[in-house]
J.: 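I'd like to ask you about the structure that follows.
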Amino acid sequence: MGTNFVINVPATSANIGPGFDVMGLSLSLYLTVQARVEPEKPSSPTNITLVYEGQNSSGLSLDPNSNLITRTALYVLACSGIKNFPHPTTVLVNNRIPLGRGLGSSGAAVVAGVLLANAVASLNLTQQRMLDYCLMIEHHPDNVAAALVGGFVASYLIDVDRSGNIPESEADEAEVLRREREQKAAAADETVKLPPDNIGHFLRLGCSPKIKAITIIPQFELATSKARAALPGSYKTQDVVFNLQRLAVLTTALGRETPDPWLIYRAMEDKVHQPYRMHLIPGLPEILATFNPDNTPGLLGICLSGAGPTILALAVSDFDEIAAKIRAVFDRQPNGGIATEYKVLDIVSEGASCVESSL
Ligand SMILES: Nc1ncnc2c1ncn2[C@@H]1O[C@H](COP(=O)(O)OP(=O)(O)O)[C@@H](O)[C@H]1O
Ligand SMILES: N[C@@H](CCOP(=O)(O)O)C(=O)O
């Protein structure tokens, strides 16, 4: 009898204004990866048959060595000395997260890949170790931390160049065995670069259940790499201080039982990434300058979701009306406007999951 794993990973909205590469919210929109593992002996070089169903899959590679989900899984396996999937496996992907829109599709794919490897090879990785693997592929922690653990999440990376592994005494027996296994595998295969231990750290913050995430999603893709390339190499002190002040307030403001609209609105302003990405998202300057809690009932704050082009509006009521106002700005853009869709999403407290059953 074979085994079936169903992996669910939430979409994420990263940054939330001032928290560039720091903050993430996990959202009620999912990437689902089903792995059907047959008991037979290996059948192909990687043992993977990759199938996409539904939307958000056009242009994605079905080659297991290129596809982000299976490439990540193969990397995690290689770090444990396992060259390919242990048994013939059909990987069935249903992706409801639009690609290249700033809703963490790549982060979700990476998290799914790590959970997939963990499941098919029974690696028993801890959540912390899974995060290490995710960070070797997706180098900023905001999306992957929120997708992995769920909720409103703050995260940081250790300075890998200056930090070694955590002392053995802090790791339990299973962790020590896991390290030994990975280190042995890496020594045997010099092409595999193991993640250092504990590179990412996170904290789940409070978020009022009254808050919903309105996402206005333009019908064009913006690769995160392109939006990151638009950022400057250095910043003015006053711009960094501007963000730090707001970020400190935002970490607590969203968790209050009755959210304070103007406190949150101001705390979601940013001078570190949005100003440099304006030219990539027509309509963004007008959207950020126009809508506020006084003229838009229910609105708490508004910002670019991740690297864009999606707009994230946090709100406690009037969700459809808020979305309509923002969409109208995209409609008015030159040359026929920019088509959008919108989704009113919950901020979900549960992160990525993997459920096993018999086939
Ligand atoms: N479900 C998926 N399966 C395979 N690759 C994916 C999947 N989701 C995202 N990707 C990869 O990530 C890219 C989008 O990543 P990115 O530019 O960071 O945008 P996003 O803001 O959506 O994360 C896609 O073009 C694709 O290469
Ligand atoms: N902090 C990153 C977040 C990217 O998120 P994505 O959802 O657009 O992949 C950035 O702003 O570059």
Side-chain angles (χ1 to χ4, degrees), residues 7-27 29-34 48 50-74 91-116 134-135 137-147 153-157 200 213 215 217-218 220-232 243 247 270 272-278 280-281 284 303-312 345 352:
I7 294 164
N8 270 303
V9 187
T12 48
S13 184
N15 303 327
I16 328 294
F20 175 72
D21 276 4
V22 177
M23 310 300 286
L25 286 170
S26 62
L27 304 174
L29 183 70
Y30 291 89
L31 165 66
T32 301
V33 176
Q34 192 180 0
I48 306 170
L50 186 56
V51 181
Y52 274 79
E53 57 178 25
Q55 51 197 344
N56 302 314
S57 59
S58 85
L60 295 181
S61 172
L62 294 179
D63 171 0
N65 290 303
S66 308
N67 179 278
L68 187 55
I69 299 173
T70 46
R71 176 162 61 86
T72 301
L74 288 166
V91 177
L92 191 63
V93 183
N94 184 332
N95 179 31
R96 276 149 285 175
I97 310 174
L99 302 170
R101 306 295 164 79
L103 288 167
S105 76
S106 59
V110 168
V111 170
V114 174
L115 265 69
L116 180 61
C134 291
L135 290 168
I137 316 269
E138 183 102 336
H139 301 291
H140 47 94
D142 41 1
N143 300 103
V144 286
V153 182
S155 53
Y156 64 80
L157 295 179
T215 55
I217 309 166
F220 70 90
E221 292 187 25
L222 172 56
T224 303
S225 52
K226 184 174 174 191
R228 290 181 83 82
L231 302 180
N243 271 45
L247 183 56
D270 157 66
V272 165
H273 72 108
Q274 290 175 173
Y276 304 99
R277 291 170 162 172
M278 295 278 188
L280 299 169
I281 302 122
L284 178 62
C303 63
L304 200 57
S305 178
T310 291
I311 302 295
L312 172 74
L345 301 171

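Numbering of ligands and ligand atoms starts at 1, following listing order.
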J.: Does ligand 2 have an atom under 4.0 Å from some heavy atom of H140?
T.: yes

J.: Out of the candidates L103, L345, I16, only one should pair with L312 under the side-chain contact (heavy atoms from CB on, under 4.5 Å) rule; please name it.
T.: I16

J.: I'd like the contact residues of ligand 1, where contact means a heavy atom below 4.0 Å.
T.: L31, Y52, L60, N67, L68, I69, N95, P98, L99, G100, R101, G102, L103, G104, S105, S106, A109, A223, T224

J.: Within the 4.0 Å heavy-atom shell around R277, which atoms of ligand 2 are there?
T.: 10 (C), 11 (O), 12 (O)

J.: Do any pairs count as a side chain to side chain donor-acceptor pair (under 3.5 Å) and have a residue in residues 95-108, sequence neighbours left out, and if so which ones?
T.: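 Found T32-R96, S106-E138.
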
J.: State the atoms of ligand 2, each with its element, that fall below the 4.0 Å cut-off from a heavy-atom position in G104.
T.: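 With G104 as reference, the close atoms of ligand 2 come out as 7 (O).
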
J.: Do the side chains of L31 and N8 get nearer than 4.5 Å, heavy atoms only?
T.: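 No, every pair of side-chain atoms sits at 4.5 Å or beyond.
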
J.: For D142, counting its heavy atoms only, list the atoms of ligand 2 lying under 4.0 Å from any of them.
T.: 1 (N), 2 (C), 3 (C)

J.: Side chains of R228 and H140: closer than 4.5 Å at any heavy-atom pair?
T.: yes

J.: Could you tell me whether the side chain of M23 reaches within less than 4.5 Å of the side chain of V153, counting heavy atoms only?
T.: no

J.: List the closest protein heavy-atom neighbour of atom 8 (O) of ligand 2: residue, atom name, distance to the nearest 0.1 Å.
T.: A307 N, 2.9 Å

J.: Under 4.0 Å from a heavy atom of A14: which atoms of ligand 2 are those, numbered in the order shown and with their elements?
T.: 3 (C)

J.: Find out whether I69 and V93 are in side-chain contact, i.e. whether some heavy atom of one side chain is under 4.5 Å from a heavy atom of the other.
T.: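 They are in contact (side-chain heavy atoms under 4.5 Å apart), so the answer is yes.
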
J.: Does a side chain donor of either Y52 or N67 reach within less than 3.5 Å of an acceptor in the other side chain?
T.: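 Judged by distance alone, the side chains do pair up.
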
J.: Considering only heavy atoms from C-beta outward, does the side chain of T12 approach that of L27 to under 4.5 Å?
T.: no

J.: Measure the shortest side-chain to side-chain distance between L99 and L60 over non-hydrogen atoms and say whether it is less than 4.5 angstrom.
T.: yes

J.: List ligand 2 atoms under 4.0 Å from R228, heavy atoms only on the residue side.
T.: 1 (N), 2 (C), 10 (C), 12 (O)

J.: Do D21 and ligand 2 have an N or O pair less than 3.5 Å apart?
T.: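 Yes.
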
J.: Can you find an N or O of T12 that's nearer than 3.5 Å to an N or O of ligand 2?
T.: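 No: no nitrogen or oxygen of T12 is under 3.5 Å from one in ligand 2.
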
J.: Does the N or O separation between N143 and ligand 2 drop below 3.5 Å for any pair?
T.: yes

J.: Side chains of F20 and D142: does their closest heavy-atom pair fall under 4.5 Å?
T.: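 F20 does not reach D142 side chain to side chain.
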
J.: Are D270 and R277 close enough for a salt bridge, meaning some N to O gap below 4.0 Å?
T.: no

J.: State the atoms of ligand 2, each with its element, that fall below the 4.0 Å cut-off from a heavy-atom position in L103.
T.: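 Within the 4.0 Å cut-off of L103, ligand 2 contributes 7 (O).
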
J.: Quick one: which of I281, T310, L304 gives a side-chain contact (heavy atoms from CB on, under 4.5 Å) with L222?
T.: I281

J.: Record the part of T224 in heavy-atom contact with ligand 2 below 4.0 Å; permitted values are side chain, backbone, both and neither.
T.: side chain

